Amino acid sequence: METEKTEKQRHSLFFPLLLIAVGVVFFLNTMGFLKESPWELFLRMWPVLFIAGGLDSLYKREGFVGPVFFIGLGLLFLLGNLGMLQVSPWNMLIRLWPVFLIVWGLDLLIGKNTVASAVIGVFIGLALLAGIVWIAVASPLQSHVMIDRTVSYELGTTQQLEASVQAISGEMQIGKEADSTRLIGGQLQLGQNEELVDILTEEEGKSVLTLESTGSKIYPVMPFGPTDTMLWHVTFNPQVLLDLDSQLIVGKQQVDLRDMMLSGLDVETVVGKAEVVLPANGNFEGELSVVIGELVIIVPKGTALEIETDTAITAITKPDAFTKTDDLIRSPEAEGATELIRLVVNQPIGSLIIRYAEE
C-alpha cells in the first residue's frame, strides 16, 4: 500500500525546468549575451507559464479538462504575442476569466481515475478551447469603439501648473506644447465605459489640472502583443513651472521633459513600461515607480542627478560614468552641485535602465 501510494504522488517536473530556463536567461543577460532585457523577453513569452502549468498537471495526473485547456490556451496566447495570430491575450483574459472556474468545476465533477474520465476530460478541454478560438477570431472581442476627446486650455496668466494625469490603461505620451499661447493640449482616447474628469482651476497665477479617466474599460491594453492601444497624448507649455503627477495602471508611459521647467515629478506605472526623459538642468525632487515592468531614465549629458533605488528582483543598467553606492546612483556632475535632480525609484520587479540621451 505504501509503495502504491508513493507511485501515485508525482512531484512537479515542468516548473523546476522552467525555473532553470529563467535562470539561464538572466545569466545570459548579466553576461551581456542578450540584445534585449529579460523583461522584454518575458512580455512575449509569458504564455509559456500556461503551457508549463498544463503539462505539469497532466504529469501529476491532477485532471484532464484543465491541463488540456491551459496548454492550448498558452499556445494560442504565445502565437498571439509573437504576431502569428490576431488575438489579444489580455483582452480575452479579462472577459473570459469565469471559464477558469468552469474548467475547475468540470475537473472536480468528471474525476481523474479512469480511462473514461480521461477521454471525456480531454474532449471537453478541447471543446472549450475551440470555443475560445472561435470567440477570439469571430466575436466582438476584437473590435470596439474608441471615443476621442480633445483637451485645450489657453495660457492666460498662469505661471505655475500642478497637473495630475491618470489613465486606466493604454499608452500615455506627455511632452512639450508647441503653441506658445496654450497652457495644455491633449488628444485622448477612452473606452466605451470610461468617463473623463477634466477640471482646471486657476488662482493668482497658479493653475491646478485634473485629467483622469473613471469607470471600467472593457478592453485593457498591454504594451506588447497585437492589440489596439488607447492613446493619451498630453502636452504642457514649457514656459510654465510644472509639478507633474502621471499615473497609468497598465500600459506604457513616455514622458519627455527635456524642455520643461519642473518643481516636482511623480510618474507611476503599475504594470508595463515607463520611459522618462529628464531636463538637462533642474533643482527638484521626484519619484518614479514601476511595480512590475521596465523603467527607462534618459539623462542628458551634464545633468546633475542623484537616484535612490528601492528595488527587489530588478536588473539595473547604468552608464559607466555613474557611480553606485549601496542604493544610491549618482551622475559625475552630482558631486558638489548646487542644483540637483533627486529621484526616488521604486521598482520591485523588472528592469531599470539609466542611459544618456542621444545627442
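None of these values were measured; they are calculated from a predicted model.
Salt bridge present: R330 and E335 bring a charged side-chain N and a carboxylate O closer than 4.0 Å.
Side chain to side chain, T158 and Q160 fail the donor-acceptor criterion of an N or O pair below 3.5 Å. Of the N and O atoms on the side chains of N346 and E287, at least one donor lies less than 3.5 Å from an acceptor on the other residue. Under the 3.5 Å distance criterion, with hydrogens and angles disregarded, a donor-acceptor pair is assigned to the side chains of E177 and T235. Using a 3.5 Å distance cut-off with no hydrogens or angles, the side chains of S246 and Q253 do pair a donor with an acceptor. For the 3.5 Å distance criterion, the side chains of D198 and Y153 qualify, holding a donor opposite an acceptor.
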Working note: Q166 + S164, criterion side chain to side chain donor-acceptor pair (under 3.5 Å); need CA distance, chi angles, decisive distance, verdict.
CA-CA 7 Å; Q166 301 180 25; S164 175; 3.1 Å; yes
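Considering every non-hydrogen atom in both S213 and L190, the closest pair reads CB-CD2, 4.2 Å.
Under the side chain to side chain contact (heavy atoms under 4.5 Å, CB included) test applied with L242, the options L161, L265, I174 reduce to a single match, L161. Put simply, the residue from V267, V296, I353 that forms a side chain to side chain contact (heavy atoms under 4.5 Å, CB included) with E275 is V296.
T269 places no side-chain N or O within donor-acceptor distance of the main-chain N or O of A274, the cut-off being under 3.5 Å. When atom types are taken as modelled, the side chain of N237 and the backbone of R182 share a donor-acceptor pair closer than 3.5 angstrom. Side-chain atoms of T303 come within 3.5 Å of backbone N or O of P300 as a donor-acceptor pair. With S152 contributing its side chain and G185 its backbone, the two residues share no donor-acceptor pair below 3.5 Å.
V344 belongs to no hydrophobic cluster with other residues, because no ILVMFWY side-chain heavy atom falls under 4.5 Å from its own, directly or through intermediates. Other residues sharing a hydrophobic cluster with I199 under the 4.5 Å side-chain heavy-atom criterion for ILVMFWY residues are V197.
Every ring-ring contact (aromatic ring centres under 6.0 Å, His included) that F322 has, sequence neighbours left out, goes to Y356.
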